[in-house]
Number of protein chains: 2
Amino acid sequence: MSNPTNEIDPGTHPGTYNAADYDRPSVTVDVVIFSLSLDDDDLRVLLMKRQQWPHAGQWALPGGFVQLGESLDQSAARQLQTKAGIDSVYLEQLYTFGDVNRDPRTRVLTIAYFALVPMSAVQIRDDEDSHTAWFSIFDLPALAFDHRAIIDYAYTRLRYKLEYTTVGFDLLPDQFTLTELQRAYQIILREKLDKRNFRRKILQANILEETGDMFREGEGRPAKLYRYLDDAMTEVKTRRLFP
Amino acid sequence: MSNPTNEIDPGTHPGTYNAADYDRPSVTVDVVIFSLSLDDDDLRVLLMKRQQWPHAGQWALPGGFVQLGESLDQSAARQLQTKAGIDSVYLEQLYTFGDVNRDPRTRVLTIAYFALVPMSAVQIRDDEDSHTAWFSIFDLPALAFDHRAIIDYAYTRLRYKLEYTTVGFDLLPDQFTLTELQRAYQIILREKLDKRNFRRKILQANILEETGDMFREGEGRPAKLYRYLDDAMTEVKTRRLFP
DNA sequence: ACAAAAGTGTTCGATATACACCCATGT
DNA sequence: ACATGGGTGTATATCGAACACTTTTGT
């Protein structure tokens, strides 16, 4: 595992060498873009169909090389813009995948990000280009590279964060009803939540304000619309939102 | 931010190109090695003094280049072995730091890891080589690169994980008393815990077994020694160990 | 009038928190 | 005998979980 001729340490004991002279892996960023479809109770991920070797014809996460002049966060944001036309959404670094043979071409590390985009912001040219499409996280096709593992990891993190942060709001449009919010939680957590308990807890957390408007659709009593108070902390202190 | 000539996507739409032909950053791994000194109520980090430019004379995290033939986890484990002589400890990937100018030499990403080593496993040649030393996390010297930010991030993660996992045990030797365990928690969380409540909760969690031995030192009643049940889950289900 | 969705309180069990004294040993 | 650290139980407050009916609208 240890290769003495390559055992150089730029961080602590650099010799008189040029860091750029040594073997370097290729580095990409891949983004797991989540969105919610409340209509059919589905959590979806954006995938792109590969056109070339390796894994030609398989679906893969949107991603690309990290350029030398951009930070990792910038690179991930650029993928969102260029691949999905999405701007300024929730974006968080997830994990760096670096198994030696995860890419057959050469050594490629990938820094995985996950993004949450509200349904309303989704204007992907989905049909214009059948190489880009949304897939249910509960029914994924075969995926290129280790992208299945990356998505699984991202979904675990999403469920986890939902319990003690307010990331759920990033999947909803600016204004939403409490029923919509509850359904978002139910889809992601895959469990039914009690309506009264849910509403009490979310309102007691003091992170929502009524917009004053109402949402009417079809029959039934109109629902109050709420807005997320952005200045509310995103970490819900010491106690979980949904323990 | 977007450079069209470099806008190639190996993950999704690779052209007929060689991934290795494009600009690649250098990639290192840096490890935040934590240890506890129960004697003086201190949480410590292992640092190494840099000998060369840049930041010569400043302290830095142990780390080094990722080699093409090793995974990231292997690379981190190798740093632990070669820099600190430590084997098989708790080791977890933390975050990848990739700001454009974090290293003045060239573009260098670093994948930060954090390690928890029990006091008993610490046999660093600390005085033999004054370039390696332990520092209190509460009183750090000036650090090279962005290593201060990396340590801060690692400490936040450690405190956080302590509350809902059992990582605390990885900082203790194989056998320990409940008082030692409580002090470990108190040092990391920086708060005093109630003795009775602490003991009740940790014992009710069913993750410890009595070794049968007693610990005697100086005056006072001897204390029962406990061992961590390794087969106990490390994630404490849905409820926090210390809410 | 009725169907459909929004909205609303209370009870009960579990858990967290606060708190003070006796026990076993070394000196 | 006393100093030192180990070990133990109870009462109260808070929080989570379970549970069903009324209100407002469209048709």
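Keep in mind that the numbers below use all heavy atoms, side chains included, and drop hydrogens, waters and symmetry copies. Labels below follow one simple rule: chain letters A, B, ... track the order of the sequence lines, proteins then strands, and each chain is numbered from 1.
Distance Tyr164(A) OH to dC15(D) P: 21 Å, rounded to the nearest Å. The separation between Glu180(A) atom CD and dA6(C) atom P is 9 Å, rounded to whole Å. At whole-Å resolution of the value, NZ in Lys192(B) and C1' in dT17(C) are 14 Å apart. As a whole-Å value, the separation of Lys201(A) NZ from dA18(D) C1' is 13 Å. Rounded to whole Å, the distance from CD1 on Ile202(A) to C1' on dT8(C) is 17 Å. Atom P of nucleotide dT17(C) and atom CZ of Phe198(B) are separated by 14 Å, given to the nearest angstrom. Atoms CD (Gln204(A)) and C1' (dT14(D)) sit 12 Å apart, rounded to a whole Å. Spacing between atom CG of Leu178(A) and atom C1' of dT8(C) amounts to 12 Å, rounded to whole angstrom units.
For the pair Arg157(B) and Tyr153(B), the NZ or CZ position fails the cation-pi test of under 6.0 Å to the six-membered ring centre and within 45 degrees of the ring normal.
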Exercise for the section: Give the B/S/- string for nucleotides 19-27 of chain C, one per nucleotide from 5' to 3', where a protein heavy atom under 4.0 Å of the base yields B, of only the sugar-phosphate yields S, and otherwise -. Expected result: BB--BBBS-
Exercise for the section: Begin from the C-alpha positions of Lys161(A) and Tyr90(A) and carry the test side-chain contact (heavy atoms from CB on, under 4.5 Å) through to its verdict. Expected result: CA-CA 13 Å; Lys161(A) 293 208 75 157; Tyr90(A) 183 85; 3.3 Å; yes
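The side chain to side chain contact (heavy atoms under 4.5 Å, CB included) search around Arg216(B) returns Met214(B), Pro222(B), not counting sequence neighbours. For Lys224(B), the salt bridge (charged side-chain N to carboxylate O under 4.0 Å, His left out) partners at least two apart in sequence or on another chain are Glu210(B).
Looking at heavy-atom distances under 4.0 Å, Thr177(B) makes no contact with the nucleic acid at all.
Each of Val45(B), Leu143(B), Thr132(B) was compared with Trp59(B) under the side-chain contact (heavy atoms from CB on, under 4.5 Å) criterion, and only Leu143(B) meets it.
Aromatic ring centroids of Phe169(B) and Phe176(B) lie under 6.0 Å apart.
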